[in-house]
Amino acid sequence: MAYVFAPPAQVAVPVVGSNDLFAVRRIYCVGRNYAEHAKEMGFSDREPPFFFMKPADSLVVVPTGQIGEMAYPMGTQNYHHEIELVAAIGIGGREIKAADALRHVWGYAVGLDMTRRDCQFAMRDKGRPWELGKAFDQSAPIGPITPVSTCGQITSGTIHLDVNGAKRQSSDVSKLIWNVAETIEHLSAYFELAPGDLIYTGTPEGVGAVVKGDLLEGRVDGLGALKVRVV
């Protein structure tokens, strides 16, 4: 028995300080998980976390010291950046309690949840899913994953994004409405997590549009920089 056509290559992210690769299974994203970002999106109340997904092949993997490229996407005139801390799952499970959740985290990375904001809002206003705004090609740039054994559990520290050298987003991971452990607890109540899952944990305030030629540089304390250019 043979495949009808050659299956795609396994999507994988490099590991800091190693020649190993982290094989990616699923990408989960948390919406409106910083209070100030929720406010700039028109929401003010603390609400239970909600999730959306991106396909694994939406990743733009950028190795250490390199500048990645992502194409300005079709079907939008309002293409936004969202800098995020990404948690990489190494131990699977379901109905994981927050008190035990961090032992399931294998490492952390810096990621961007790129968004076709006009498409997202159009779908949101009609009560429809967000895929057009969130789950498109090259919508999830990511830097190398740093193992927890190297960086420790990241529960605080500056998270920021510059565009063409000018600050756009700046906050602290400690300001997550639902921290990484709590996010895993909520997520695993609905999905069985598995090694290879990535969780984009939410973006702080300051999201905005980018255009072709812009250089984005994102950082989280304790992790390497993520640099990517819009082409």
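Positions are given from 1 along the sequence. All values below come from the heavy atoms of this structure, side chains included, with hydrogens, waters and symmetry mates left out.
The closest donor-acceptor contact from the side chain of S139 to the backbone of A135 lies at 3.5 Å or more, if one exists at all. For the pair Q10 (side chain) and A23 (backbone), a donor-acceptor distance under 3.5 Å is absent. Not one N or O on the side chain of Q169 forms a donor-acceptor pair closer than 3.5 Å with the backbone of L161. Not a single donor-acceptor pair under 3.5 Å links the side chain of Q120 to the backbone N or O of G133. One N or O on the side chain of T203 and one on the backbone of I83 form a donor-acceptor pair closer than 3.5 Å. Without hydrogens or angle criteria, R117 side chain to G208 main chain gives no donor-acceptor distance under 3.5 Å. Of the possible donor and acceptor atoms, none in the side chain of E84 sits under 3.5 Å from a partner among the backbone N and O of L112. Distance alone, capped at 3.5 Å, places no donor-acceptor pair between the T146 side chain and the L223 backbone.
Here V13 is tied into one hydrophobic group with V11, V15, F22, V24, I27, L59, V61, V86, W106, I142, I145, L198, Y200, each link being a pair of ILVMFWY side chains closer than 4.5 Å.
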(request) Decide yes or no on side chain to side chain contact (heavy atoms under 4.5 Å, CB included) for V180 and T155, but give the supporting numbers first. (result) CA-CA 8 Å; V180 172; T155 58; over 6 Å; no

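Across all their heavy atoms, V16 and P144 have their closest contact at CG2-CB, 3.6 Å. For the residue pair G93 and S188, the shortest heavy atom distance occurs at O-CB, 4.2 Å.
Contact of the T76 side chain with the F136 side chain is not registered, since no non-hydrogen atoms from C-beta on lie closer than 4.5 Å. Side chains of L216 and M114 form a contact here, defined as non-hydrogen atoms less than 4.5 Å apart. At a threshold of 4.5 Å between non-hydrogen side-chain atoms, the residues V163 and V210 count as touching. Inter-residue side-chain proximity for T183 and T201 is flagged as unmet; no heavy-atom pair is nearer than 4.5 Å. No side-chain heavy atom of V30 sits less than 4.5 Å from a side-chain heavy atom of I177.
A donor-acceptor contact under 3.5 angstrom links the side chains of N78 and H80, judged on distance only.
Sorted by first and then second residue, the side-chain hydrogen bond (donor to acceptor under 3.5 Å, both in side chains) pairs with a member in residues 59-70 form an empty list; sequence neighbours excluded. Under the salt bridge (Lys or Arg N to Asp or Glu O under 4.0 Å) criterion, no residue pair touches residues 144-157, with sequence neighbours excluded. Within the structure, every pair that satisfies the salt bridge (Lys or Arg N to Asp or Glu O under 4.0 Å) test and touches residues 102-115, not counting sequence neighbours, is listed here: K54-D113, D113-K134. Counting only residues at least two apart or in different chains, salt bridge (Lys or Arg N to Asp or Glu O under 4.0 Å) contacts with residues 217-230 comprise E217-R219.
Listed by chain and number, the residues in a salt bridge (Lys or Arg N to Asp or Glu O under 4.0 Å) with D197 are R25 (sequence neighbours excluded).
Looking at I96, L193, I89 one by one, the single match for side chain to side chain contact (heavy atoms under 4.5 Å, CB included) with L187 turns out to be L193. Here the options are F51, F191, F50, Y190, the test is ring-ring contact (aromatic ring centres under 6.0 Å, His included), and the partner is Y28; only F191 passes.
The aromatic rings of H186 and W178 sit perpendicular to each other, their planes meeting at more than 60°, with 30° as the lower class boundary.
Annotation: D137, atom CG; neighbour count of heavy atoms from other residues, nucleotides and ligands within 6.0 Å does not exceed 12.
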